[in-house]
Amino acid sequence: AVTGVQTCVFRSIQNDPREGAPATFDTEVRMLYDQRALYIGVFAKDPSPGEIIVNELRKDYNTGSADGFQVVIDTFHDGRNGYQFAINPAGAKWDAQMSNEGRDTNSNWDGIWDVSTRIGTDGWYAEIEIPFKTLKFGPEAMQDWGINFQRRLRRFNENSYWSPLRRIHSLSRVSLAGTYEGLRDLKPGANVRVKPYALANLNKVAALPVDKEYDAGLDVKYGVTSGLTWDFTVNTDFSQVEADEQQVNLTRFSLFFPEKRDFFLENSGVYQFGSGNTGGGGGAAGGRQNVSQDMIFFFSRQIGLSPTGDAIPILAGTRLTGRVGDWSVGALNIQQQEQGKSPSTNFTALRMRRDILRNSDIGVMFLNKDPGGADYNRGLGADANFRFFRDLTVNFAAAKSATPEARLPGTGDDWYTKSSFGYRGNIWETRGMFQTIGARFNDEMGFVPRVDVDNAEGYLGAHLRFKKYSKWLREFFPHFQIENFTKRNGGGLESRYMDWHVPVNLQNSTFIELGINPNVEVIDERFSINAHRRIYVNPGRYEFKEYFGLMNTNTAAPFSMNLRFGTGDFYDGYRRSYLVGGTVRLNQHLNVALNDQINDIDLSSGSYLTHLVTGRVNYYFNTKVFLNALVQYNTDTQQWSSNMRLDIIHRPLSDIYLVYNERHDSRSGNLLSRAIIAKMTYLMAF
C-alpha cells in the first residue's frame, strides 16, 4: 500500500537574480513513498517549451548549463549532511553526497535511482524514484527528513527554491530546508551489495612485445546499520578512470591533481580535515594561474598511485564509514602491492567527528603508512569547525607527524597548525588564515607543497549589484587577496602573492575579469623551470607583476569561448600568456571543446614557448551510453596523448567499459605506449 502521500504546489522563491521574488514559472511537486522507495513527481511549468535548454545526456552532467530540477534530502535531519539528486528535462542524472552543508560535496558518489522525463506543450515533467537502499537514515519507526527543491531556468539564469535561500547560499544549506514529516516504518532494503569485475588488457610499450593481461576483482558493500556501511575491495582496479588533465608548472612546488577514483571518493567528506582548501581563492575563476594549494592532511591519491600518476596495484582494502548518532566515523585500511621502487605498503586512515552546538563539529584523525620494519610514517590531528550567526565560520586544526630520524634527518618541529575565519554576507566577503608547517612535518598520506613556513592569508571583497543596470549586469565583485609565506624562526620572506581583481558577471552568465597579480619570490637554491630545455631560475629576490584580462562567455549557448591574456615581468625576465578555447554544443548528444594554453617566457637563462593543447569530444547516445575522448599535446613533454572511453550502463551501477590509451613522441612520431582495456562490472544486491 502506498502511504505518506504529500503534494506541494508552490510558486518557488528566487535567490538569484532577484532574491525573494517569485520564480518566473511555477513548479509542482508531488511526493509519496512505499516500503521500497521514495517517489517524486515534478511538473516544471514553462509556456515556451521550445526554449528549454538541454546540453548533455551524460551522467553527472553540468547542472549549471541547462534547465533542471534538484532535490536535497537530509535523512538524519541534522541540518548538516544529505544527498543531492538532479535531473535535466532529457533525463540526465547527477547525484552527490554532501557533508557539513556543502563544505564537502562529493559529486562522484553514485546511488541507485531512476528518472523518467518528457517535455510537453506547457513545460516538462519528471518522475523520480529513489530506493531506500540508496540512502542511509536512522532506525526510528517515525522519521522527519529535511528536504528542499531547486528549479533552474537556464535562459534567465534563474535559481528558485521551495524553502527560500539567500543568494549567497545553495541547495546544500540543509539547515534552511523544509521538512518532510511523518515517514513511517522505513526499511533500508538490501544491506549487502556485491560488485565483481572482469578485465582484459592489452599493453604495448615502445618496441616491446604486446603484454596481455586478464584479471578479476570484487567490491562488497555491507550495511552494518542503517547509517553505517562496511566496504571491502579485493584486487582493486581503476583502469576506466579518465586520464588527468595535464598542467604546466611555472613554480618550484608540486602541482595538485584531484582524486578521480570512485572507491576513494565515496564518503570522502568524512575525511575532510579542518576548514578545507582555501589557497588561491581570488583566482578561482582563472585570474591567477598555478595558485598555491593549501595543505591537505589526508589525500587519497597517495595510495595506489606513484608521484608521476602511474598506477600501483592494490591487493585489498576495507573501509567503514557513516553516522552513529551525533558521530561521523571513517576507518580505511588499504594494502598496496610491491611494484618497482614502491614497496608493499599498508595505509590506514581513522577519522571521528562529533556534532556540537547547532551547526559545529570537533574531530580527530589518525594516519599510518607502514611499508614494514621501522620505515613508518604517522600523523595525528584534531580539528574544530564552528559556525556562528549564520554567516561566520571559525576553524582550528593541529596535526603532528612521526617519522624515524634515520629516514628524515634534520632539525625543526614536526607540527602543523591552522586557524581561520570566514564571513560571507550578501555584500561583504572576507576571510583570514594563519598556518604553520614545521621543517620536519612529514605527512606522506597528505599533500604538503612546502614545509618550514608560516603562512598568512587575508581576503576582502564586495558583491555589488546595481538596479540601474540589472537588465544586463548581475554582479560587480572587486576583491583583494594577499598570501604571505615566511620561513620559520625568523628566516625572512619566502613568497608573497597578491590579487587586485575586478570580476563582472552578466545576466546570461558571461564572466569578465581584469586584474593585477603582484608577486615576490625569494629563491635560495637554483631551480629548473623547464627541465627539458635546461632553463632555470637563479637564487635571488624577484618582484614581478602580471596584468591580465579574461572572458568566459555564456556556457549554455551553442557556442561558448574562454579567453585569457596576461603579460608582465617574470623572475628576471618577461612572460606573456594566452588561453584560447571554445566549446561547440551541436545538440544534447554532441559536445566538442578545444583549448590552447600558451606561455611565451624570456629569462636570462633562456627563452621558450610552450603550448598545452587539450581537445575533448563527448557523444551521448542516450542517458546510458557515452563516448568520451580526451586528446592532449604538450610541447614541454613533446608528447601527444589520447584517452578514449566508451561507457555502457547495462544495469544500475553496472558498466561495460572500453578504454583506449595512447602516447606518441611528437618529434619522431614513434609510439611510446598503447593500451586497450575491456572491463565489465555487475552489481548484485541481496
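With D144 contributing its side chain and G182 its backbone, the two residues share a donor-acceptor pair below 3.5 Å. Between the side chain of E101 and the main chain of S175, a donor-acceptor pair closer than 3.5 Å is present. Of the possible donor and acceptor atoms, none in the side chain of Y222 sits under 3.5 Å from a partner among the backbone N and O of F232.
Note on D122 versus K45: no salt bridge recorded, every NZ/NE/NH1/NH2 to OD/OE distance being 4.0 Å or above. A salt bridge links D16 with R474: at least one charged nitrogen is closer than 4.0 Å to a carboxylate oxygen. A salt bridge links K260 to E242: at least one charged side-chain nitrogen sits closer than 4.0 Å to a carboxylate oxygen. The pair D237-R261 does not meet the salt-bridge criterion, since no charged nitrogen lies less than 4.0 angstrom from a carboxylate oxygen. A salt bridge does not link D361 to R354: none of the charged nitrogens lies less than 4.0 Å from a carboxylate oxygen. The pair E259-R301 fails the salt-bridge criterion, with no side-chain N (NZ, NE, NH1 or NH2) lying under 4.0 Å from an Asp/Glu carboxylate O. Between R319 and D231 there is a salt bridge, since at least one side-chain N of the basic residue sits less than 4.0 Å from a carboxylate O of the acidic one. The pair D647-R58 fails the salt-bridge criterion, with no side-chain N (NZ, NE, NH1 or NH2) lying under 4.0 Å from an Asp/Glu carboxylate O. Looking at E245 and R616, a side-chain N of the basic residue comes within less than 4.0 Å of a carboxylate O on the acidic one, giving a salt bridge.
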_salt bridge (charged side-chain N to carboxylate O under 4.0 Å, His left out), that's the test. Do R351 and D383 meet it? Break it down for me._
CA-CA 11 Å; R351 174 67 158 155; D383 64 332; 3.0 Å; yes
*Could you walk me through whether W94 and S107 pass the side-chain hydrogen bond (donor to acceptor under 3.5 Å, both in side chains) check?*
CA-CA 8 Å; W94 177 95; S107 59; 4.5 Å; no
*asked:* Applying side-chain hydrogen bond (donor to acceptor under 3.5 Å, both in side chains) to S509 and N554, what does each step give before you reach the verdict?
replied: CA-CA 5 Å; S509 81; N554 179 12; 3.2 Å; yes
*Mind running side-chain contact (heavy atoms from CB on, under 4.5 Å) on K59 and Y620 for me, showing each step along the way?*
CA-CA 10 Å; K59 190 181 183 312; Y620 316 115; over 6 Å; no
*Verdict with supporting geometry, S560 and R585, side-chain hydrogen bond (donor to acceptor under 3.5 Å, both in side chains)*: CA-CA 9 Å; S560 60; R585 297 170 181 82; 3.2 Å; yes
*Between N55 and N62, is a side-chain hydrogen bond (donor to acceptor under 3.5 Å, both in side chains) present by the stated rule, with each step listed?*
CA-CA 9 Å; N55 283 331; N62 181 356; over 6 Å; no
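Of the N and O atoms on the side chains of N88 and Q588, not one donor lies less than 3.5 Å from an acceptor on the other residue.
Proximity of Y197 to D219: side-chain heavy atoms (C-beta onward) are nowhere separated by under 4.5 Å. For the pair F149/Y161, no side-chain contact is recorded, criterion being any heavy-atom separation below 4.5 Å from C-beta on. Within the 4.5 Å cutoff, the side chain of V42 has heavy atoms near those of the T27 side chain. Taking the side chain as every heavy atom from C-beta outward, N148 and L176 never approach each other to under 4.5 Å. A 4.5 Å side-chain heavy-atom check between F477 and P503 finds at least one atom pair inside the cut-off.
Residue D114 holds its CG atom at 5.5 Å from NZ of K93, rounded to the nearest 0.5 Å. The line from CE of M365 to CZ of F273 is 7.0 Å long, rounded to the nearest 0.5 Å. Taking CG of N15 as the reference point, atom CZ of R173 lies at 12.5 Å (rounded to 0.5 Å).
In terms of the side-chain contact (heavy atoms from CB on, under 4.5 Å) criterion, residue partners of P49 (sequence neighbours excluded) are, by chain and number, I52, I119. For E127, there are no side-chain contact (heavy atoms from CB on, under 4.5 Å) partners two or more places apart in sequence or in a different chain.
Residue R358 qualifies as open at atom CZ: its count of foreign heavy atoms under 6.0 Å is 12 or below. Other residues, nucleotides and ligands contribute only 12 or fewer heavy atoms inside 6.0 Å of the NZ atom of K624. Other residues, nucleotides and ligands contribute at most 12 non-hydrogen atoms within 6.0 Å of the OH atom of Y682.
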